[in-house]
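Working notes for the structure below.
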Amino acid sequence: MPEEFKIALCIMVSFSIVGAILVILDKYNAVHRLYRISESTLMFFGVFGGALLMFATMKLCRHKTQKPKFMLSFPLISALHIIILLLLL
């Protein structure tokens, strides 16, 4: 495996884990009326590698599913991430 692929995969996995945690935390905070995580922060983590896991987490915990910004862009961004990874192989 090329070194660039390994680096890109590590970055995407890291952003995915942090992004999924942020989605869960934002859902918890929304239910309990606590401080919310901004949509721009969630979008940042999605764009830089976390879109696939964040999308799955949003669907699983029913968070931000009414927001077209997330429900349309995250699957498209995920497809782009997969294409980038395949091109790095």
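Hydrogens, waters and symmetry mates are skipped; everything else that's a heavy atom, side chains included, is used.
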Heavy-atom pair of closest approach, residues G49 and S16: O-OG, 3.1 Å

Spacing of CD1 belonging to I24 relative to CG belonging to N29, to within rounding of 0.5 Å: 12.0 Å

Distance in Å, I77 CD1 paired with M43 CE, rounded so as to fall on 0.5 Å steps: 6.0 Å

With sequence neighbours excluded, residues passing side chain to side chain donor-acceptor pair (under 3.5 Å) with S14: none

Audit row: Y28, L34, side chain to side chain contact (heavy atoms under 4.5 Å, CB included) steps and yes/no: CA-CA 8 Å; Y28 177 86; L34 300 172; 4.0 Å; yes

Heavy-atom side-chain contact between I83 and L86 under 4.5 Å: no

Euclidean distance, F45 CZ relative to S40 OG, rounded to 0.5 Å: 10.5 Å

Same cluster (ILVMFWY, side-chain, under 4.5 Å), L60 and F15: no

Heavy-atom side-chain proximity of L89 to L85 below 4.5 angstrom: no

Residue that, paired with F74, satisfies side-chain contact (heavy atoms from CB on, under 4.5 Å) out of K59, M54, K64: M54

Shared hydrophobic cluster, M71 / F44 (ILVMFWY, side-chain heavy atoms < 4.5 Å): yes

H81 side chain vs F48 backbone, donor-acceptor pair below 3.5 Å: no

Listed once per pair and sorted, the salt bridge (charged side-chain N to carboxylate O under 4.0 Å, His left out) pairs that draw on residues 66-89, sequence neighbours left out: E39-K67, E39-K69

ILVMFWY cluster, L25 and V23 together (side-chain gap under 4.5 Å): yes

Nearest-0.5 Å distance, CZ of residue F55 to OG1 of residue T57: 10.5 Å

Between CZ on residue R36 and CZ on residue R33, distance to nearest 0.5 Å: 10.5 Å

Rounded distance (nearest 0.5 Å) linking atom CG of L52 with atom CD1 of I82: 6.0 Å

Path from F70 to L72 over hydrophobic side-chain contacts below 4.5 Å: no

All side chain to side chain donor-acceptor pair (under 3.5 Å) counterparts of H63, not counting sequence neighbours: D26

Path from L42 to V18 over hydrophobic side-chain contacts below 4.5 Å: yes

Distance-minimising heavy-atom pair for P2 and L88: CG-O, 3.2 Å

Flag, side chain of T65 to backbone of M58, donor-acceptor distance under 3.5 Å: no

